[in-house]
Participant: 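Handing you a structure now.
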There are 2 protein chains.
Amino acid sequence: MTQRRTQILDAAAVLIAERGFTSTSVDDVIKGAKLSGKSHFYHYFKSKEELGYEVLNRQFERFAERGLAVLREPMIDPIERLYLFIDGVVALQAENGGRHGSPFGNLAAELADAHEGFRLRIEAVFERWASQIGSLLWEARAQLTDDVDAVRLSRFIIATLEGAVLMTRVKRDLSVLEGIAIDLKRFIAMHVRQSVRDDARGARPW
Amino acid sequence: MTQRRTQILDAAAVLIAERGFTSTSVDDVIKGAKLSGKSHFYHYFKSKEELGYEVLNRQFERFAERGLAVLREPMIDPIERLYLFIDGVVALQAENGGRHGSPFGNLAAELADAHEGFRLRIEAVFERWASQIGSLLWEARAQLTDDVDAVRLSRFIIATLEGAVLMTRVKRDLSVLEGIAIDLKRFIAMHVRQSVRDDARGARPW
DNA sequence: AGAGGATAGGACCATGTGGTCCATAGCGCA
DNA sequence: TGCGCTATGGACCACATGGTCCTATCCTCT
């Protein structure tokens, strides 16, 4: 019953990642989901817009499970978790050769200006993402220098990753993202207290 | 004669910034340029695609003049120029309240995957941008620590700015970009030799 | 067996798209 | 004046789009 729905959602996610929301037609989605008949689509979804919202939601859930989850691993040192998270983003991109970029960044660039509904939902995505990093930084506050502004640093990390993923997609070269990830970890390390950093000396090859 | 052409190009630039390339129709462009009759458009441009290429070109020229130019100011200390450049990007975004983001990033996200012609042209834009920062870093090499990789650092700066501009657009809040700009300058300062940094002590409020 | 709702199929519609064509207007130049 | 060029208008086309609607099928429950 709800299986057909997910079939449609999955097909739509792929197509939207490849061509963007506007350039993905309902007919394409139906074809992608191997259904024929457009009424079938409108049996499950109110409109194409609604489908887009739901795809975005699912993308975030997926990202929360596969990317953000590590940020909450209680057995790992918080700063280390942050590094692992960055590596995870690289790994996620590597799965498709960096070809499709970030679903959030893509939709943001395509629709933020023109479509308030999407803009708000994408804003919420970034908000939740930032708050996860924010609470990790709070948890790690004893290890961080006093001048760390958690909100600002969270945004910096997200912005850099989004930008890096976008450039990687344009250049079709994963090493762009890899290089930026290294520098980003360095930037974070810059905010770790010297004493803590000394403890980890030699542990980090970069 | 060529004035009508620029009229069309200007109108198209505005519309593409607002709604993206795909969602900007030729009819809209004509209306925006206050011309009537589509044949007029096709008198000046081979196709909509061609128009897009030319708009992208002009955007880069504009950015080269208004943004990148400061990177080559011979009378200013190179590192200082880099800071000024970052401030300039913020100022450029402030002109429209950060609403439209980066024309390069937007087109990249919208078309990089689906349209090879655009992808290559956007890649070239980033390439030229990176090489300008790269040669500045080369010029400043005496002031920089030995571990600076000019190519990687250039990419990092561009990625962070592009990501920041995108987030600013989504949140409709210029302070996002401003905050990231501060951190980005700090990151750059991290690569400046201690001796040089001491000389400038107190000069930088952040 | 038969009623009734969920599922499918696909014809259909209004609108918007990029792009073509052709008939005219205006113009400088001889 | 009249030739020939570029500019201008707009009708027109084939096709794709999001969305609706009506009719079959299927499955389940009685």
Side-chain angles (χ1 to χ4, degrees), chain A residues 1-58 106-107 110-111 113-119 121, chain B residues 1-58 106-107 110-111 113-119 121:
Chain A
M1 41 176 76
T2 186
Q3 187 180 347
R4 286 287 149 88
R5 242 183 101 86
T6 36
Q7 226 171 98
I8 294 176
L9 283 165
D10 289 340
V14 171
L15 290 171
I16 291 173
E18 277 172 13
R19 310 130 80 126
F21 180 74
T22 309
S23 300
T24 298
S25 76
V26 175
D27 283 319
D28 292 338
V29 172
I30 289 163
K31 235 169 275 169
K34 276 164 193 160
L35 305 175
S36 77
K38 207 164 359 188
S39 67
H40 204 149
F41 175 89
Y42 285 96
H43 181 69
Y44 291 109
F45 297 93
K46 200 172 127 253
S47 64
K48 190 193 170 191
E49 196 186 21
E50 210 66 41
L51 169 77
Y53 292 162
E54 231 163 300
V55 167
L56 177 59
N57 258 339
R58 281 165 53 95
N106 292 349
L107 284 180
E110 191 187 341
L111 302 169
D113 232 35
H115 197 302
E116 188 69 0
F118 273 103
R119 205 210 101 224
R121 282 165 176 83
Chain B
M1 41 176 78
T2 186
Q3 186 180 345
R4 285 288 149 86
R5 243 184 100 87
T6 36
Q7 228 172 96
I8 295 176
L9 284 166
D10 289 339
V14 171
L15 290 171
I16 292 173
E18 279 172 13
R19 310 129 83 124
F21 180 74
T22 309
S23 300
T24 298
S25 76
V26 175
D27 282 320
D28 292 337
V29 172
I30 288 163
K31 237 169 274 170
K34 277 165 191 159
L35 305 176
S36 76
K38 208 168 351 191
S39 68
H40 204 150
F41 175 88
Y42 285 96
H43 181 68
Y44 290 109
F45 298 91
K46 201 172 126 251
S47 64
K48 189 193 171 191
E49 195 186 24
E50 210 67 40
L51 169 77
Y53 292 162
E54 230 162 303
V55 167
L56 176 60
N57 259 338
R58 281 165 52 97
N106 292 349
L107 284 181
E110 191 187 342
L111 302 169
D113 232 36
H115 198 302
E116 187 71 0
F118 272 102
R119 205 210 101 224
R121 281 165 177 82

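Throughout, a chain's letter reflects where its sequence line sits, starting with A, and its residues are numbered from 1. Computed over heavy atoms, backbone and side chain alike; hydrogens, waters and symmetry mates excluded.
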Participant: Walk along nucleotides 11-27 of chain D from 5' to 3' and tag each nucleotide B, S or - by protein heavy-atom contact under 4.0 Å, base first, then sugar-phosphate.
Facilitator: ------SBBBB------
Participant: Tell me whether B/E110 contacts the main-chain N or O of B/T22 through its side chain, where contact means a donor paired with an acceptor under 3.5 Å.
Facilitator: yes
Participant: Figure out the CZ/P separation between B/R5 and D/dA7, and round it to whole Å.
Facilitator: 11 Å
Participant: On the ring face of B/Y44, is B/R4 found with NZ or CZ under 6.0 Å from the centre and within 45° of the axis?
Facilitator: no
Participant: Just how far, in rounded Å, is P of D/dG10 from NE2 of B/H43?
Facilitator: 17 Å
Participant: Between B/R4 and D/dT6, is there a side-chain N or O to OP1/OP2 distance below 4.0 Å?
Facilitator: no
Participant: Ring of B/Y53, cation from B/R58 - is the NZ or CZ under 6.0 Å from the centre and inside 45° of the axis?
Facilitator: no
Participant: CG/B/L111 to OG/A/S23 distance, rounded to the nearest 0.5 angstrom?
Facilitator: 7.5 Å
Participant: Answer yes or no: is there an ion pair linking A/D113 with A/R119, defined by an N-O contact shorter than 4.0 Å?
Facilitator: no
Participant: Expressed in angstrom and rounded to an integer, what is the separation of A/L35 atom CG from C/dG10 atom P?
Facilitator: 12 Å
Participant: Examine A/K48 relative to A/F21 and say whether NZ or CZ is less than 6.0 Å from the centre of the six-membered ring and inside a 45° cone about the ring axis.
Facilitator: yes
